[in-house]
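Data first, discussion second: the structure below is written as structure tokens.
Start at 1 with the first residue, then count along the sequence. As a basis for the values below, the full set of heavy atoms in this structure was taken, side chains included, without hydrogen atoms, waters or symmetry mates.
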Amino acid sequence: MKTIKNTILKTAALILAAVILTGCSKKKESKVTEEILPEEPAWTPEEGLVCVLFGHGFEEDSEKETQFLNILEEKFGFEETGGLIFPVFYEKDLNSRIWNFTDFISGKKLKGIIILGAPANTHKVISELQDSYEGGLPYNVFSLFPTDNSILGQEMTSNIVIEYELSLQDETEGRDVDQGPNEETTELIINAIKYMSTLDEVLPASWDLVENVKQITGNRKVKHYVDSIAPIPSMNHFLIKAPVTQTSEEENVNLLETEE
């Protein structure tokens, strides 16, 4: 009788061990399968296009700007060829009249708007666009490197505003910011497009927005913009340290000193 019981117990133990080993094997196999699966695109044109408004400094007809546009088209594609970006060029498409923007994007299903080098009065156009929706825009607006004449207007009509910061010494020494297409701005813009593609809701105004901004700026140091007249930090306007370049006047002085 003892022998039968022992046999049954041994058999049960072997079956249990086999089940455990099989389960572990399946878990390992599943993990490997997950690792080799290709990443699915975060969004498709059917979900809505990301409208990119190319403003001052981002659409001049030069090799630098052309290369920048080629990078974006290769990475995301433009709407006219079945891509994900709906490009709007301030000079070419809007005839250098920002007031034409609303009509130009009319009828487009948008995931969001990213404004590069916002021209003057862009904030007024976005404000009118907001008013055309009951309850405000159903998507986010990011403004990168704006040249709009109203800082407050940009802050009121954008979910996130990002631009370069110049130190007092940089300004005193006449240094300028290259905020047109370059390696760094291209990286930031690509990050902004990627991040906007993941957003399914409008970002609320909050001091926690800095965490959202880091999705765009990466490891760069970020600080809140503080107006020089009313020293109150802005909730959605952020500064990053600028890669500065000398003005042409300083370059000429240095060239003369070298020749001497």
Say whether [X] and [Y] are linked into one hydrophobic cluster, either directly or through other cluster members, by side-chain heavy-atom distances under 4.5 angstrom.
| X | Y | value |
| --- | --- | --- |
| Leu239 | Ile216 | no |
| Tyr225 | Leu116 | no |
| Leu203 | Leu144 | yes |
| Met235 | Leu199 | no |
| Val202 | Ile162 | no |

With no hydrogens and no angle check, is any side-chain donor or acceptor of [X] less than 3.5 Å from a backbone partner on [Y]?
| X | Y | answer |
| --- | --- | --- |
| Thr147 | Ala118 | yes |
| Asp227 | Ile229 | yes |
| Thr122 | Pro119 | yes |
| Ser206 | Asp208 | yes |
| Arg220 | Thr217 | yes |
| Asn182 | Thr185 | yes |

Is there a side-chain contact between [X] and [Y], using heavy atoms and a 4.5 Å cut-off?
| X | Y | value |
| --- | --- | --- |
| Val88 | Ile113 | no |
| Leu110 | Ile105 | yes |
| Ile115 | Val141 | yes |
| Val125 | Asn121 | no |
| Leu188 | Glu184 | yes |

Would you mind listing every salt bridge (Lys or Arg N to Asp or Glu O under 4.0 Å) that reaches into residues 196-207, with sequence neighbours excluded?
Lys111-Asp200
Contact list for residues 128-149, test salt bridge (Lys or Arg N to Asp or Glu O under 4.0 Å), sequence neighbours left out
none
Which atom pair, heavy atoms only, marks the closest approach of Val222 to Val213?
CG1-CG1, 4.1 Å
Which atoms form the tightest heavy-atom contact between Val161 and Gln154, and what is the distance?
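Closest approach of Val161 to Gln154, heavy atoms only: CG2-O, 3.7 Å.
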Report the residues that fulfil ring-ring contact (aromatic ring centres under 6.0 Å, His included) with Phe89, sequence neighbours left out, ordered by chain and then residue number.
Phe54
Working note: Cys51 + Phe101, criterion side chain to side chain contact (heavy atoms under 4.5 Å, CB included); need CA distance, chi angles, decisive distance, verdict.
CA-CA 11 Å; Cys51 173; Phe101 180 67; 4.0 Å; yes
Kindly write out the residues that satisfy side-chain hydrogen bond (donor to acceptor under 3.5 Å, both in side chains) with Lys214, not counting sequence neighbours, or none if the list is empty.
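So Lys214 forms no side-chain hydrogen bond (donor to acceptor under 3.5 Å, both in side chains) with any residue.
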Set of residues satisfying side-chain hydrogen bond (donor to acceptor under 3.5 Å, both in side chains) with respect to Ser234, sequence neighbours excluded:
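Testing Ser234 for side-chain hydrogen bond (donor to acceptor under 3.5 Å, both in side chains), a comparison that skips the adjacent residues, returns Glu155, Asn236.
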Check against side chain to side chain contact (heavy atoms under 4.5 Å, CB included), Leu209 and Asn159
CA-CA 9 Å; Leu209 271 176; Asn159 300 91; over 6 Å; no
Where at least one partner belongs to residues 111-151, residue pairs that pass ring pair (Phe, Tyr, Trp, His ring centres under 6.0 Å), sequence neighbours excluded:
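Applying ring pair (Phe, Tyr, Trp, His ring centres under 6.0 Å) to every pair that reaches into residues 111-151, excluding sequence neighbours, yields Phe145-Tyr164.
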Show, in sequence, the C-alpha distance, side-chain angles and deciding distance for Thr157 and Gln130, and conclude whether the side chain to side chain contact (heavy atoms under 4.5 Å, CB included) test is met.
CA-CA 8 Å; Thr157 56; Gln130 289 174 333; 3.9 Å; yes
Gap between atom CD of Glu73 and atom CG of Asn70 - 0.5 Å precision
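One finds 6.5 Å between CG of Asn70 and CD of Glu73.
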Look at the aromatic rings of Tyr90 and His56 and report parallel, tilted or perpendicular, splitting at 30° and 60°.
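Plane angle over 60°, so perpendicular.
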Report the relative orientation of the aromatic rings in His224 and Trp207; use parallel for angles under 30°, tilted for 30 to 60°, perpendicular for over 60°.
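Taking Trp207 first and then His224, their aromatic rings stand perpendicular (interplane angle over 60°).
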Working note: Glu165 + Lys223, criterion salt bridge (charged side-chain N to carboxylate O under 4.0 Å, His left out); need CA distance, chi angles, decisive distance, verdict.
CA-CA 9 Å; Glu165 175 192 29; Lys223 61 188 290 187; 3.1 Å; yes
Test side chain to side chain contact (heavy atoms under 4.5 Å, CB included) on Ile189 and Ile193; report intermediate values, then the result.
CA-CA 6 Å; Ile189 292 162; Ile193 295 170; 4.1 Å; yes
